[in-house]
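Letters go in sequence order (proteins before strands), and every chain restarts at 1. Since this is a predicted model, take the numbers as computed values, not measurements.
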There are 2 protein chains.
Amino acid sequence: MAATMSADSVERRSGVSLWRQIADKILHAIAMGDFPESAALPPEVALAERYGVNRHTVRSAISALVREGVLKAEQGRGTFVLSRKRLSYPIGARTRFSTGLQGQAVERHIVLLVSAVEPASERVAASLGLTKGASVIRLETRGEADERPVSRAASWFDAGRFAGIDAAMAATGSITASLARFGIEDYLRQSTVLSARHADAADLADLDLQPGAIVLVTVAVNITPDGQPIQFSESRFPAERVELRLSAL
Amino acid sequence: MAATMSADSVERRSGVSLWRQIADKILHAIAMGDFPESAALPPEVALAERYGVNRHTVRSAISALVREGVLKAEQGRGTFVLSRKRLSYPIGARTRFSTGLQGQAVERHIVLLVSAVEPASERVAASLGLTKGASVIRLETRGEADERPVSRAASWFDAGRFAGIDAAMAATGSITASLARFGIEDYLRQSTVLSARHADAADLADLDLQPGAIVLVTVAVNITPDGQPIQFSESRFPAERVELRLSAL
DNA sequence: CAAATTTGTCCATTGATATAGACAACCATA
DNA sequence: TATGGTTGTCTATATCAATGGACAAATTTG
């Protein structure tokens, strides 16, 4: 269907430069398996013909992907695919980080980047069943798989009920384990809202992206089995490295 | 949280032009409710300052959104928000088009654009439990809400079992109703895989988008309650007009 | 070694993007 | 009606994006 859907055409005067569009298409083709793993890409002239642009434009796209660590160019030999296909990140009633990526990545972990206590915004308060301005703990984390960032999340917890969860998170490296210390044996995904946008400056730094990249954004609430909201979170995923698989519970 | 997350900065030499980035930000701000519904946007000079660019650059972004029908500019008065917030499209075990948008849009329907009988690709065959090359029916549809396209989907069905479903679809304007004619009283969403990318030429035409827009892409399989796969589909949603809400699965 | 293939670099030209400033046109209101 | 605020238009300039062509440098193949 990749064949039936994606016309190998390109939009001019679109506000998105041709080299960025072609970089997108190459990434997509790699993810779809059109360009065999760790083999050579078609030569630049062939790609230029395929996409209907000048060879120099293809070179701009390739050099962006080389900077990004996806491709490696060798003079006289060709250009080679380094990175693997997109990770498929599962989302469902029991969404957790590490369990979902089993078998897709050798190494995976969460890093706690920032923790802070702050007054709840209206949105956070409403989701957690608190009053606006109530004290909440914000944890900012980055998920990594095989040394590459695959998610960046901010999570909010009731500071009264979960005082010290930042330390627990730092110690365990796991939200699930941290919640267990507060007697939360199980929790469920109540709601998830999903959108996509261009990466902003923060995304570029947090997820090690090239400008112009696209991020998937999820806003979610986790609850205990008896319905108490315990966690509100906003996560960002680089669309070029991650797809979301909506799993049945 | 919109406040804590999105730095109002902008990326230069990114492959995405500044006016396109700012158009994205304005759309996002409208969706987040930062700019009150059907009220005036901040004046151009204020927006230029806010995003750190020239007034003319803001004007380019605004004129793109005016062409798109999101904004209306009136000389001497201001620039006004026309379109409502993003639709929230539900996805879950019982994903259907019309039921999910109740209350959000006054008018909603599906239009059948193309129907064809063709040999199954490997991907379609695997999903439907057929052999590659088996005869399948492809239906291409557009979902519309309040006169605006909100989805574009291609669906494949076993041509043997569902011969004539194209006519049923044309007559009823509903996948659910069409399947009912073949004795399918109920069906479930087995799997959904979600990704995002820049709109290509086909997306621009199908969904009435401006170049540079982002589309959410879902690939899904529907099954009968007893586990038979009946429908394979790929859908595209304009990220600026639609968000996906993952309902209880 | 010679030829073919492929990536790397340079020059020149064109059009799109972004900035800067000035002023006209239009609207609301004091 | 006069003033201030806002969008619309124009000119000019600098930089980025894209094309076209030519050739160098490195590798593989015959």
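- Judged by distance alone, the side chain of Thr57(B) and the main-chain N or O of Val53(B) form no donor-acceptor pair under 3.5 Å.
- When the P atom of dT17(C) is taken as reference, atom CZ of Arg59(B) falls 16 Å away, rounded to whole Å.
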Each nucleotide N or O in nucleotides 26-28 of chain D that has a protein N or O under 3.5 Å away: list the pair and distance.
| residue | atom | partner | partner atom | Å |
| --- | --- | --- | --- | --- |
| dT28(D) | OP1 | Arg77(A) | NH1 | 3.0 |

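- Asp208(A) meets the side chain to side chain donor-acceptor pair (under 3.5 Å) test with no other residue; sequence neighbours excluded.
- Looking at residues two or more places apart in sequence or on another chain, you find no side chain to side chain donor-acceptor pair (under 3.5 Å) involving Glu122(A).
- Spacing between atom CG of Leu71(B) and atom P of dG8(D) amounts to 11 Å, rounded to whole angstrom units.
- Of the N and O atoms on the side chains of Glu118(A) and Trp156(A), at least one donor lies less than 3.5 Å from an acceptor on the other residue.
- Toward the 5′ end of DNA chain D lies the nearest nucleotide of Glu44(B), the other residue of the pair Glu44(B) and Val16(B) mapping further downstream.
- Counting atom types as modelled, Arg55(B) pairs a side-chain N or O with a base atom of dG8(D) as donor and acceptor under 3.5 Å.
- Residues satisfying the side chain to side chain donor-acceptor pair (under 3.5 Å) test with Glu140(B), not counting sequence neighbours, are Arg138(B), Arg152(B).
- Residues satisfying the side chain to side chain contact (heavy atoms under 4.5 Å, CB included) criterion with Ser115(B), sequence neighbours excluded, are Leu139(B), Asp166(B).
- Rounded to an integer number of Å, the gap from CG of Leu41(B) to P of dG5(D) is 19 Å.
- The side chain of Thr57(B) has dA18(C) as its nearest neighbour among dA18(C), dT7(D), dT6(C).
- The side chain to side chain donor-acceptor pair (under 3.5 Å) test applied to Ser17(A) returns Trp19(A), not counting sequence neighbours.
- Distance from the side chain of Leu18(A) is smallest for dA18(D) among the nucleotides dG8(D), dG20(D), dA18(D).
- Taking the side chain to side chain contact (heavy atoms under 4.5 Å, CB included) definition, one finds that Ala126(A) meets it with nothing, sequence neighbours left out.
- Within 4.0 Å of Ser60(B), counting heavy atoms only, lies no atom of the nucleic acid at all.
- Using a 4.0 Å heavy-atom distance criterion, Val53(A) is classed as a sugar-phosphate-only contact.
- Sorted by first and then second residue, the pairs that involve residues 195-218 of chain A and meet ring pair (Phe, Tyr, Trp, His ring centres under 6.0 Å), not counting sequence neighbours, are His198(A)-His198(B).
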Listing time: all N or O pairs from protein to nucleotides 10-14 of chain D that are below 3.5 Å?
none

